Amino acid sequence: MGNILAFCEFDGGALRASALSNLSFARQAASAHGGEVVALLIGVGAAAAGPAAAAYAAKVVTVEHGDLGHYLAETYAPIVARLAGEHGAAIVCATATSVGKDLLPRVAALLDAGMASDISKLEGGNRFTRPILAGNAYSTVEVSTPVVCVTVRQSEFAPAEPTGSTGSVTSADAGAIDAKGARIDRVDSQKSDRPELTSAKVVVAGGRGMGNGDNFKQLEALADLLGAAMGASRAATDAGMVPADWQVGQTGKIVAPNLYFAVAISGAIQHLAGMKGSKTIVAINKDPEAPIFQVADYGVVTTWEKAIPELIEEIKKVKATR
Amino acid sequence: MKILVPIKRVPDPELKVKLKDGAIDLAGASWVVNTFDEYAVETALRLRENAESGESHGEVVVVTIGPDDAGQQLRSALAMGADRAIRIDGEDKALDSRVVAAVLAKVIEAEKPDLVVMGKQAVDGDANQVGQMLAGKLGWPQATFAATVELAADKASLTVGREVDAGVEYKTIALPGVLTVDLRVVAPTSVKNNITPASHSYGTGEGGPRYASLKGIMAAKKKPMEQKSIGDYGVDVTPATRELGITLPAARAAGQKVADIPTLVKKLVDEAKAL
Ligand SMILES: Cc1cc2nc3c(=O)[nH]c(=O)nc-3n(C[C@H](O)[C@H](O)[C@H](O)COP(=O)(O)OP(=O)(O)OC[C@H]3O[C@@H](n4cnc5c(N)ncnc54)[C@H](O)[C@@H]3O)c2cc1C
């Protein structure tokens with residue numbers, strides 16, 4: 001028996017969509033281990049978001065402290081590790097976001113725990129399946145330490161639904177906070193009204209063939225028409241056409257929307273690793289031999305210059321009839 | 001300044017994955033330095049050199065845990081410009097991140113580097129764990145997924161542009177610390193060390209790690225490579241992670257090419273019900 005300590009990210013009084021995937025894994029793991037889900041919220045605003053989390057977990061623990069305003073692995077990891085002990089955790093889990101990926105291995109080191117990263121499936125007990133080799137194979141592993149750390153691939157776990165009852169919310173002490181000489185100077189992010197890339201239902205992604213950032217504006221118009229998030233290949237982000245956080249792939253974000261448009265993207269394995277799980281894939285590429293056509297449900301061999309304005313027109317027509 | 005760069009060999013990521021008896025078939029695999037580790041070597045070299053005068057301002061030590069053959073990947077790093085190498089004998093199969101971090105922590109106790117630079121993940125296991133685990137074990141600060149790195153003039157801290165989900169986070173860590181690098185760290189002006197003139201550009205376009213010159217390859221043959229065994233480090237090397245099996249993902253059903261955009265939209269509406 002053991003409990004599942006689920007580190008949950010939140011924003012403005014609510015859990016992030018990514019946290020709901022973690023909780024859905026945590027629930028499966030709790031039934032496999034005969035324990036309870038303990039949702040852990042750390043940082044400024046944790047106490048305020050606690051009640052929202054109580055809809056999803058039997059227990060919620062919040063750690064609120066002015067010096068935890070910005071996530072730092074150095075200050076968060078000791079808190080997670082300590083609470084794992086206090087709450088009898090068999091598994092400590094987080095979603096494989098940039099925070100989860102940074103934090104959990106450090107927690108594992110503090111607990112001398114073995115770890116499975118970016119898992120796609122719980123096989124039972126401490127057996128997990130996870131993609132390796134850029135998603136070209138799946139490995140099933142068993143981790144044998146008394147406590148195990150796990151990060152969860154968001155696109156593989158549907159967001160948890162509320163449990164139907166309200167969990168208890170308690171607050172825990174932050175303990176001594178030591179940043180070990182680390183600090184955050186600033187975060188550069190571009191505010192966007194579009195949905196988050198990792199939880200969007202539709203993604204419009206562009207590649208090197210878009211030529212420059214200005215041309216991406218046309219894709220953005222398509223995205224806005226569809227309520228979609230924007231994505232990109234590494235070649236487009238490296239070239240500075242669009243922000244780095246749009247990158248989809250092995251080393252970017254992993255997405256699995258209902259509908260994915262790959263426009264002027266060749267379909268390198270590292271890109272496919274990030275979007276192969278999409279329900280319907282549309283490829284628009286002028287090269288009929290582009291590998292993207294091998295994974296696309298629908299492909300159109302044409303230039304984006306011709307395709308995108310037409311696509312916008314046609315979709316507007318469909319919308320007008322509804 | 002002394003920089004330690006742990007590197008790992010991986011099967012050539014460009015080659016197609018084959019299975020044999022429920023495991024990845026590595027017979028006849030060609031091995032290369034993990035892409036991100038190559039970038040880590042490049043980052044370490046940029047941090048310690050004056051790129052314009054060619055002077056070195058520190059030592060770069062590369063270390064790997066692996067079989068005899070893995071010495072070749074260490075030689076590649078030496079040929080790029082690293083100064084010396086340590087190979088700790090071990091079988092790839094018998095290692096997991098926890099064991100690797102435990103052994104590396106001991107290497108660091110002995111070597112006392114000012115900085116550890118690593119790739120953010122190995123492109124075979126894609127685990128993305130060892131750097132953070134190592135930092136946790138050592139009680140050092142960590143800066144992961146670095147796209148840009150600037151070493152302070154007093155060499156006491158690093159400011160790192162980290163690619164995070166919401167954009168780029170600038171994190172400063174005191175040294176000693178652990179840095180793990182992402183792809184864009186090899187762009188022409190991503191690494192600054194306050195020694196190389198700030199205007200210096202490493203190559204053009206998207207940049208990349210340096211190639212070993214013929215001279216570098218010759219010199220690498222004479223550079224020291226120490227041989228150790230895992231047993232020398234007195235840590236428990238029983239892996240906590242056991243692989244039970246490998247499967248290949250189901251191939252996506254073949255799609256169709258459609259003639260034009262109106263047909264596409266019609267199919268997205270009627271067939272895929274995606275619009
Ligand atoms: C370790 C590692 C990790 C990586 N991680 C990632 C990752 O996470 N994500 C990622 O995307 N890549 C990643 N890559 C890079 C990957 O290998 C490819 O280089 C990259 O995906 C190529 O991007 P692209 O398809 O936009 O560019 P290209 O391969 O150059 O393709 C451009 C395409 O645009 C088409 N085109 C050109 N003009 C037009 C036009 N007018 N209209 C229509 N089509 C046009 C061309 O036919 C071509 O198919 C990684 C590489 C490495 C080594």
Side-chain angles (χ1 to χ4, degrees), chain A residues 73-74 77 97-98 101-102 105-106 108-110 114-115 117-118 127 131-145 180-190 234 238-239 243-245 250-251 258-259 276 280 282 293 295-301 307 310-311 314-315 318, chain B residues 13 17 24 96-98 101 123-129 132-133 135-137 139-142 144-145 147 159 163-174 182-184 187 206 240-249 252 255-258 260-262 264-265 267-269 272 274-275:
Chain A
E74 292 78 0
T97 61
S98 56
K101 289 190 277 197
D102 185 55
R106 191 168 177 112
L110 301 182
M115 176 161 175
S117 293
D118 205 16
R127 296 188 306 282
I132 59 171
L133 296 160
N136 285 308
Y138 282 82
S139 161
T140 301
V141 293
E142 180 161 46
V143 188
S144 57
T145 43
K180 310 243 175 235
R183 66 162 197 268
I184 303 302
D185 301 315
R186 66 175 204 278
V187 181
D188 289 351
S189 55
Q190 291 192 349
R234 175 188 171 194
D238 272 6
D245 54 343
Q250 181 187 19
T251 48
N258 279 334
L259 181 57
K276 263 195 306 202
T280 301
V282 173
F293 288 121
V295 301
D297 300 284
Y298 302 102
V300 190
V301 181
E310 270 190 62
L311 196 49
E314 291 297 320
I315 291 171
V318 171
Chain B
V17 178
I24 304 283
D96 66 6
S97 305
R98 183 167 151 277
V123 295
D124 53 354
D126 282 334
N128 192 338
Q129 297 176 352
Q132 299 89 310
M133 284 184 174
K137 273 197 162 298
W140 286 7
Q142 68 189 48
T144 54
F145 326 146
T159 297
E163 291 188 350
V164 296
D165 292 344
V168 182
E169 175 190 272
Y170 290 87
K171 179 172 182 177
T172 296
I173 59 168
D182 212 325
L183 296 167
R184 277 172 276 271
E206 287 157 25
T241 313
R242 193 163 62 96
E243 188 157 87
L244 302 176
I246 302 274
T247 50
L248 298 183
R252 275 188 86 93
Q256 44 180 309
K257 285 204 179 116
V258 298
D260 52 28
I261 296 293
L264 170 70
V265 172
K267 284 186 181 271
L268 286 177
V269 173
L275 276 180

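What you see is a predicted model; the values in this text were computed from it and never measured.
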So do the side chains of A/E74 and B/K171 get within less than 4.5 Å of each other, counting heavy atoms only?
-> yes
Below 4.5 Å from any heavy atom of chain A, which atoms of B/P262 appear? Answer side chain, backbone, both or neither.
-> both
How many angstroms lie between atom CG of B/L183 and atom OG1 of A/T251, to the nearest 0.5 angstrom?
-> 4.0 Å
Select one option (side chain, backbone, both, neither) describing which atoms of A/L110 are under 4.5 Å from chain B's heavy atoms.
-> side chain
Over all heavy atoms of both residues, which pair between B/L248 and A/N136 is shortest? Give the atoms and the distance, please.
-> CD2-O, 3.6 Å
Compare all side-chain heavy atoms of A/D297 with those of B/R252 and state whether any distance is below 4.5 angstrom.
-> yes
How long is the gap from CD on B/Q129 to CG on A/D118, to the nearest 0.5 Å?
-> 10.5 Å
Atom of A/S98, atom of B/F145 and distance for their closest heavy-atom approach | O-CE1, 3.6 Å
Answer key: most heavy-atom pairs under 4.5 Å with chain A among B/V164, B/T144, B/T172 is B/T172
Region of A/F293 in contact with chain B, defined by heavy-atom distances below 4.5 Å | side chain
Examine whether an atom of B/R98 lies under 4.5 Å from a heavy atom of chain A, and if so say whether it belongs to the side chain, the backbone or both; otherwise answer neither.
-> side chain
Evaluate the side-chain proximity of A/D185 to B/T159: yes if any heavy-atom separation is below 4.5 Å, no if none is.
-> yes
Side-chain heavy-atom pair A/D188, B/Y170 within 4.5 angstrom cut-off | yes
Of the backbone (N, CA, C, O) and the side chain (C-beta and beyond), which part of A/I184 lies under 4.5 Å from a heavy atom of chain B, both, or neither?
-> both
Against chain B, work out which of A/Q250, A/Q190, A/K276 has the most heavy-atom pairs shorter than 4.5 Å and name it.
-> A/Q250
Search all heavy atoms of B/P141 against all heavy atoms of A/K180 and return the closest pair with its distance.
-> CG-O, 3.4 Å
Could you check which of B/L244, B/D260, B/I246, B/I173 has the highest count of heavy-atom pairs closer than 4.5 Å to chain A?
-> B/L244
Proximal component of B/V258, with respect to chain A [non-hydrogen, under 4.5 Å] | both
Is there side-chain contact between A/L133 and B/I24, with at least one heavy-atom pair below 4.5 Å?
-> yes
Please flag which part of B/E206 lies under 4.5 Å from any non-hydrogen atom of chain A: side chain, backbone, both or neither.
-> side chain
Cut-off 4.5 Å, heavy atoms of chain B, and the answer for A/V295 is both
Can you measure from CZ (A/R234) to CZ (B/R184) and round to the nearest 0.5 angstrom?
-> 7.0 Å
Looking at A/V301, A/V318, A/T97, which has the largest count of heavy-atom pairs under 4.5 Å with chain B?
-> A/T97
So how far is it from A/E314 CD to B/I261 CD1, rounded to the nearest 0.5 Å?
-> 8.5 Å
Can you tell me how far the CG atom of B/D165 sits from the OG atom of A/S189, to the nearest 0.5 Å?
-> 11.5 Å
Pair count under 4.5 Å, heavy atoms only, with chain A: among B/A274, B/A127, B/A147, B/A240, highest is B/A240
Side chain, backbone, both or neither: which part of A/A296 has a heavy atom under 4.5 Å from chain B?
-> backbone
One option among A/A182, A/P131, A/A108 has the most heavy-atom pairs under 4.5 Å with chain B, and it is A/A182
Mind ranking B/T247, B/D182, B/V17, B/V265 by heavy-atom pairs under 4.5 Å with chain A and telling me who comes out on top?
-> B/T247
Top residue by heavy-atom pair count (under 4.5 Å) with chain A, among B/P249, B/G167, B/G255?
-> B/P249
Minimum-distance pair of heavy atoms, taken over all atoms of A/R106 and B/W140 = NH1-O, 2.7 Å
Which atoms of B/D124 come close to chain A, meaning under 4.5 Å heavy atom to heavy atom: side chain ones, backbone ones, both, or neither?
-> both
